[in-house]
Visitor: 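Here you go, one structure.
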Amino acid sequence: MKNIKPPLLIIFVLAVISLLNFSLLWAADETPVAKPLTFKEFYQKVLAYYPKLKQQDASVNLAIARKLQAVVGFLPRIQGSVSVTHGDDPVFVFGSLLRENSFTNDDFALSRMNTPGAHTTYNASLEGQMPIFDAFQTISRVKSAKLQIDSARFDASFTKMEAFLVASEAYLRAVAVEKLLVTVNEVSQASEQDIQQAQDLKDKGLIFGADFYTAKVMHGSIIQLKNQLLQEKQAVHILLNILMGQDPLQPLEIRGELAESAQKTEQLQNLFQQAYKSRPDLAAIEKTIQAQGIDVSREKFTGLPRIDAFGEAREDTHNFKSNGGQNYTVGVKGQIDLFDPAYSSRLRLSKETLKKLESDKATLKDAITKDIANEYAHYQTVQDNLPVNQKMLEDAKQAVELMLPLYREGKKSIADLLEIRTSYLNVAKGYYTLATDTKASWTRLLFLSGQLDEPKMKEAVGQIGE
């Protein structure tokens, strides 16, 4: 660089800056590449990000911490203390001298005993207390805490199933929009060509203007549906990105297929029994009820006596130069509440909480039964309608193919052609909606009956395809 003259150096710097600016502009204008997204990859990312599932994991950890806190009740409690005390109270001085092993005959003088001089004592002690019988309080808390851990884990399992359901329904919706948009684009392009050809014929006076403008109205409705689907595609892609915890505007390339036939499912009564046995949320509330039952018993046991062993070892000295006195105390202490004004209110609160939980369980069970019955009826409907709709789609496509030669031969008008294309598009829209609902309803039945686990999701991956 030392051999470059100043004007050449300025030109060189400007050239580098221009090149950098061009690179930045090119990078800014570059369109992000759509990432291929399979259903398996999608639901795994949803499961890894799902915020509610992370909250449930935290709830499990909190329940474990409460159990550890309850177990502490079995362990002894040990405290150490150090203190310095100064005073001229006769009892204090007399007792301190005894503890320090420094009491002398002179200390028996009445004048000294009644009006002793101020005294300073230093003491260090180690105190311990060990529960022998605590009226079943600790063991009840431990059992209750263990059941609460089980309840929290069941809640986490239910939330995981919920994440599976949300992922499958969102992805199926995206697949349906993609499939329908392809069909709409094909119909829209064909209709546009039909309109252009009809425009030439109308200008030559070979077709009626009423038919031409009627066809344009129908073509406009097709364009409106196309615009609507483009917006739905963007919205559903944003939803997928949000569920995966990534940039909402990240372009995606959806890969998947819709149902060509309905999945076989169990009989309604079997679904009820399966739900009562496998629903994690039902199991969670059952564990909570068991824990609350233990808490009711624990409150009843508070009327029993509590027995503790205790001990203390201490050293007292007047100054740190002398050895001082070393003393210990051990014993057993029993306590019982002869009158506890809060006992009845605590017991009643615990019993009423148990009643509420049992009522919540009954309400949940009824809701499960109702939801399964409704979804089963819906699934049976889509199961029956899917082959009918498939035949309608084939017939509508055949009608378009048969209409084209009739239109070209002048036996049918442009309005008739656009009408049959619009009819085909409406049938296709209904078919894709039904094909999506078939898989979605099957997945909801698995969720409602407590069967939507990892193996079922892998089975769904095989059905939706990659």
Visitor: Side chains of Leu304 and Ile336: closer than 4.5 Å at any heavy-atom pair?
Guide: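 No. Closest side-chain heavy atoms not under 4.5 Å.
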
Visitor: Ignoring hydrogens and angles, tell me if any N or O in the side chain of Asn426 forms a donor-acceptor pair with the backbone of Thr422 under 3.5 Å.
Guide: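 Flag set: sc Asn426 to bb Thr422 pair under 3.5 Å.
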
Visitor: Is the shortest distance from a Lys or Arg side-chain nitrogen in Arg444 or Asp371 to a carboxylate oxygen in the other one below 4.0 Å?
Guide: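 No, no charged N to carboxylate O under 4.0 Å.
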
Visitor: Quick one: closest heavy-atom pair of Met161 and Leu452, and the distance?
Guide: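 So the minimum-distance heavy-atom pair works out to CG-O, 3.2 Å.
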
Visitor: Ion pair present between Arg255 and Glu253, side-chain N to carboxylate O less than 4.0 angstrom?
Guide: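 Salt bridge: yes.
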
Visitor: State plainly whether the residues Lys456 and Asp453 are in salt-bridge range, i.e. N to O under 4.0 Å.
Guide: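 So Lys456 does not pair with Asp453 through a salt bridge.
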
Visitor: Would you please classify the geometry between the Phe272 ring and the Tyr276 ring as parallel, tilted or perpendicular, with 30° and 60° separating the classes?
Guide: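 Parallel.
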
Visitor: Determine, using ring centers only, whether Tyr43 and Phe164 are less than 6.0 Å apart.
Guide: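 Yes.
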
Visitor: Please lay out, stage by stage, how Lys45 and Glu41 fare under the test salt bridge (Lys or Arg N to Asp or Glu O under 4.0 Å).
Guide: CA-CA 6 Å; Lys45 286 185 176 181; Glu41 179 186 2; 3.1 Å; yes

Visitor: Minimum heavy-atom separation for Leu448 to Arg279, with atom names?
Guide: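 Heavy atoms of Leu448 and Arg279 come nearest at O-NH1, 2.9 Å.
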
Visitor: Between Arg141 and Asp295, does a salt bridge (Lys or Arg N to Asp or Glu O under 4.0 Å) hold up when you go through it step by step?
Guide: CA-CA 7 Å; Arg141 288 190 177 95; Asp295 287 343; over 6 Å; no

Visitor: Can you check side-chain hydrogen bond (donor to acceptor under 3.5 Å, both in side chains) on Tyr50 and Glu162, steps first, answer last?
Guide: CA-CA 10 Å; Tyr50 205 58; Glu162 181 184 274; 2.9 Å; yes

Visitor: Between Ala284 and Ser151, which heavy-atom pair has the shortest distance, and what is it?
Guide: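 Shortest heavy-atom contact: O-OG, 2.9 Å.
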
Visitor: Could you check whether Glu232 and Gln228, counting side-chain N and O atoms only, form a donor-acceptor pair closer than 3.5 Å?
Guide: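 Yes, a side-chain donor-acceptor pair sits under 3.5 Å.
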
Visitor: Side chains of Asp155 and Gln56: donor-acceptor distance under 3.5 Å anywhere?
Guide: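 Checked: Asp155/Gln56 side chains show no N/O donor-acceptor pair below 3.5 Å.
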
Visitor: If you take all heavy atoms of Tyr49 and Ile242, which pair is closest and at what distance?
Guide: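 Taking Tyr49 first and Ile242 second, the nearest heavy atoms are CE2-O, 3.4 Å.
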
Visitor: Is it true that Lys355 and Glu352 make a salt bridge, defined as a side-chain N closer than 4.0 Å to a carboxylate O?
Guide: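 Yes.
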
Visitor: State whether Lys397 and Glu394 are salt-bridged, where the test is any N-O pair (Lys NZ or Arg NE/NH1/NH2 against Asp/Glu carboxylate O) under 4.0 Å.
Guide: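 Here Lys397 does not pair with Glu394 in a salt bridge, since their nearest N and O are not under 4.0 Å apart.
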
Visitor: side-chain hydrogen bond (donor to acceptor under 3.5 Å, both in side chains) between Ser350 and Gln292: does it pass, once the steps are laid out?
Guide: CA-CA 7 Å; Ser350 188; Gln292 187 60 33; 3.0 Å; yes

Visitor: Would you confirm whether Asn185, through its side chain, and Leu181, through its main-chain N or O, come within 3.5 Å as a donor-acceptor pair?
Guide: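 Side chain of Asn185 to backbone of Leu181: a pair is present.
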
Visitor: Take atom CD of Gln267 as the centre, draw a 6.0 Å sphere, and report whether it contains more than 12 heavy atoms from other residues, nucleotides or ligands.
Guide: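 No, CD of Gln267 has 12 or fewer neighbouring heavy atoms, counting only those of other groups under 6.0 Å.
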
Visitor: Under 3.5 Å, is there a donor-acceptor pair linking the side chains of Ser441 and Glu375?
Guide: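 Indeed, the side chains of Ser441 and Glu375 share at least one donor-acceptor pair under 3.5 Å.
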
Visitor: Any side-chain donor paired with an acceptor under 3.5 Å for Gln250 and Asn241?
Guide: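 Gln250 vs Asn241: no donor-acceptor pair found between side chains.
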
Visitor: Show your reasoning for whether salt bridge (Lys or Arg N to Asp or Glu O under 4.0 Å) applies to Asp366 and Lys370.
Guide: CA-CA 6 Å; Asp366 290 343; Lys370 181 184 69 175; over 6 Å; no

Visitor: If you take all heavy atoms of Leu249 and Ile238, which pair is closest and at what distance?
Guide: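 Minimum heavy-atom contact is CD2-CD1, 4.2 Å.
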
Visitor: Has Gln69 got more than 12 heavy atoms of other residues, nucleotides or ligands less than 6.0 Å from its CD?
Guide: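 No - once you tally the heavy atoms of other residues, nucleotides and ligands closer than 6.0 Å, there are 12 at most.
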
Visitor: Taking all heavy atoms of Ala275 and all of Ile372, pick out the closest pair and write down the distance.
Guide: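 Taking Ala275 first and Ile372 second, the nearest heavy atoms are CB-CD1, 3.5 Å.
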
Visitor: Kindly indicate whether the side chain of Val175, heavy atoms from C-beta on, has any atom under 4.5 Å from the side chain of Tyr171.
Guide: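 Counting from C-beta outward, Val175 and Tyr171 do come under 4.5 Å.
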
Visitor: Going by atom types only, do Thr302 and Gln137 share a side-chain donor-acceptor pair under 3.5 Å?
Guide: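 Their side chains do not contain a donor-acceptor pair, so the 3.5 Å distance test is not met.
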
Visitor: Counting distance only, does the side-chain N/O of Asp134 pair as donor-acceptor with the main-chain N or O of Arg306 below 3.5 Å?
Guide: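 Checking the backbone N and O of Arg306 against the side chain of Asp134, no donor-acceptor pair under 3.5 Å is found.
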
